[in-house]
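Just so it is clear: chains get the letters A, B, ... in the order the sequence lines come, proteins before strands, and each one is counted from 1.
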Amino acid sequence: MTKKAFMLVAAGLLFSQSALAHPDNNELRYDPEAMAWLCAPCHGTNGREFGESMPGLAGLDADYFIEVMQQFKRGERAAVIMDRVAKGFTDDEIAAMAQWFAAQPKTQWTGELNHD
Amino acid sequence: MTNSTFNQPINRRTLIKTFGAAALAGTGLFGASHKAYATNAQHVVVIGGGIGGATFAKYLRFAHDDVKITVIEPNDHYITCLRTNDVMVNLHTLDELTFSYDTLRNQYGIGFVFDSATAVDFDRKIVRTAKGDEIKYDKLVMSPGIDFRFEDYEGHSAELANTQLPHAYKAGPQTLMLRDQFQSMKQGGVFVMSAPAGNFRCPPGPYERISLFAEWMQKHNPTGKIIILDPKNSHSKFTPFQTAWQRLYGYGTDDSLIDWVSLDQGGRVTGIDAANKTLFSDGGPVKYDACNIIPNQRAGKIAQTLGLTDDSGWCPINRHTFESTIQQDVYVLGDSSIADAMPKSGNAANTQAKVCARAIAAELRGEEQPAAIFANVCYSLVGSNYGISISAIYEVVDNRIVAKGESSGVSPITDLPGQPILEATYQKNWHRAFVKDVFG
């Protein structure tokens, strides 16, 4: 599957989950980018830092991101801090962040302005 | 600011020329973007290039590439307060905590005026600087940090802090003064810290400081002792700290390096006699060989001067935007703001700055205000290889910032031997990623 096709499928999945969680409101309360920016202090601007204990989030497969975050949230994965952090997000919000990070270039942040 | 540069469309060629001229003349070129912004671009002025101000400027550029951004900052570099506790026990140097604004200036097209903001005319929307410039703004943002309530301690003053009794709670000369006083203390000497009450910057900061001091003393002054006098009966990360002190420093035994005196035990400090090396507390006088009063605090001086504080000494704000509820088009974020459940930390200021940047970008575009979401992650080193943490995601409910979901919590106490060293490693990774998120 091409990346674009995957994104479309994933976006459809996201929409249907939202509809389930919020029967009266299909839209997320928080912008995916606004949520993703909260990860930057540890994972770098746009998720593009890599350290010995800090995985980069940019370009991460969306399904993998969701699976790991759900394991943290349910306490099924050994954690230092992410078990606490993951409990701050709904399933829809986790899925939205997964999409946002999957679309980021997975190169180390160099301080360049990431706008065209 | 009456500067014709404002009214000229800037292309890359004139930008380079003007930058050169501005550098030579020592005057600022304001808001030069890497892209030429429109002639009628709105001007967002930031007072202070600390964690909050620098993050805001960078992320406003992400949120809006057609806006002029100018930071007014006295120095061409910034020394972070975070990790200054390391400096006092030789784990870091101040140089390693010093950052330039080069990336923000050169790659984000953020203008810097290296000058002090001295006054604001809210009606005409003009900031005045110490060198006499007048800078016109559409939106004014500040993150002015903290000021100290020396008046809460009889015999104490800002002058005394600068010359003899460093608080070392802002980075700079006082950091090095306290390091030298602590490390040159006589063998078997007593180091006494007075912790602050109320809301203050970096709630675990005082306790991390004495923890790292205890580790240093184990090696270099093993018969010395640390007393912490506290005007509170609990403090940030209380159980993780006390457990770590038991594990590392004999806390709770006769040989403990650390003695913590709570409010109920007479820990509140009311005055000092520096000549006789004595602190006065509710529990009586306490003699010291070296001492560190971290005073009670309030919003940064400029926020007070501009009338942006309320009776609490801090700045009331709209929780979704960080716009002052006292002055329209003026935004106060970071330590100075009243942010309810959020601690006064660099990480908190960083995510508040991002919320503020999105809010201002939306308003300048005439879009609906986005809902605010924040985070805080804060690691403390109880030893150089023993970390503990507190973290939460935050949202606004009933006009108050509260922890979101079940996200709020401190490090669990476990028997896993790897946990504390992992937290310490996470702390080091956080620090590297964080300063790059702010300044680069």
Q) Any residues in residues 359-372 of chain B near chain A, with a heavy-atom distance under 4.5 Å, and which are they? A) B:Ala371, B:Ala372
Q.
As an exercise: rank A:Pro41, A:Gly111, A:Gly51 by heavy-atom pairs under 4.5 Å with chain B and give me the winner.
A. A:Pro41
Q: Indicate the atoms forming the closest heavy-atom contact of B:Lys404 with A:Gly88, along with that distance.
A: NZ-O, 2.8 Å
**Q.** Distance-minimising heavy-atom pair for B:Ile373 and A:Leu38
**A.** O-CD2, 3.5 Å
Q) Pick from B:Gly346, B:Ser391, B:Pro412: which one has the most heavy-atom pairs with chain A under 4.5 Å? A) B:Ser391
Q.
Less than 4.5 Å to any heavy atom of chain A: does that hold for the side chain of B:Ser411, its backbone, both, or neither?
A. both
Q: Over all heavy atoms of both residues, which pair between B:Gln107 and A:Thr110 is shortest? Give the atoms and the distance, please.
A: NE2-O, 4.2 Å
Q) Say you draw a straight line from CG of B:Asn106 to CD of A:Glu112; how long is it, rounded to the nearest 0.5 Å? A) 14.0 Å
Q.
Which atoms of B:Thr103 are under 4.5 Å from chain A, going by heavy atoms: the side chain, the backbone, both sets, or neither?
A. side chain
(Q) Looking only at heavy atoms and a cut-off of under 4.5 Å, which of B:Ala403, B:Gly418, B:Ala375, B:Gly387 has the most pairs with chain A? (A) B:Ala375
Q: Under 4.5 Å heavy-atom distance to chain A, tell me which part of B:Gln419 shows up: side chain, backbone, both or neither.
A: side chain
(Q) Between A:Phe89 and chain B, with a heavy-atom cut-off of 4.5 Å, which part of the residue counts as in contact: side chain, backbone, both or neither? (A) both
Q) What residues of residues 427-440 of chain B sit under 4.5 Å from chain A when you count only heavy atoms? A) B:Asn429, B:Trp430, B:Arg432, B:Ala433, B:Phe434, B:Lys436, B:Asp437, B:Gly440
Q: Show your working on side chain to side chain donor-acceptor pair (under 3.5 Å) between B:Ser408 and A:Arg84 and close with a plain yes or no.
A: CA-CA 7 Å; B:Ser408 180; A:Arg84 290 174 262 158; over 6 Å; no
Q: Sort out for me which of A:Lys73, A:Glu33, A:Met35 touches chain B most, counting heavy-atom pairs under 4.5 Å.
A: A:Glu33
(Q) Given heavy-atom pairs under 4.5 angstrom as the criterion, report whether the side chain, backbone, both or neither of B:Ile390 touches chain A. (A) backbone
Q. Under 3.5 Å, side chain of B:Lys354 to main-chain N/O of A:Trp37, donor-acceptor pair present?
A. yes
**Q.** Smallest separation among heavy atoms of A:Arg29 and B:Glu395, with atom names
**A.** NE-OE1, 4.4 Å
Q: For residues A:Ala34 and B:Arg358, report the shortest heavy-atom separation together with the two atoms involved.
A: CB-NE, 3.5 Å
Q.
Quick check on the interface: out of B:Val410, B:Leu416, B:Thr414, who has the most heavy-atom pairs with chain A under 4.5 Å?
A. B:Val410
Q) Considering all heavy atoms of both residues, which atom of B:Tyr59 and which atom of A:Thr45 are nearest to each other, and what is their separation? A) OH-CG2, 3.6 Å
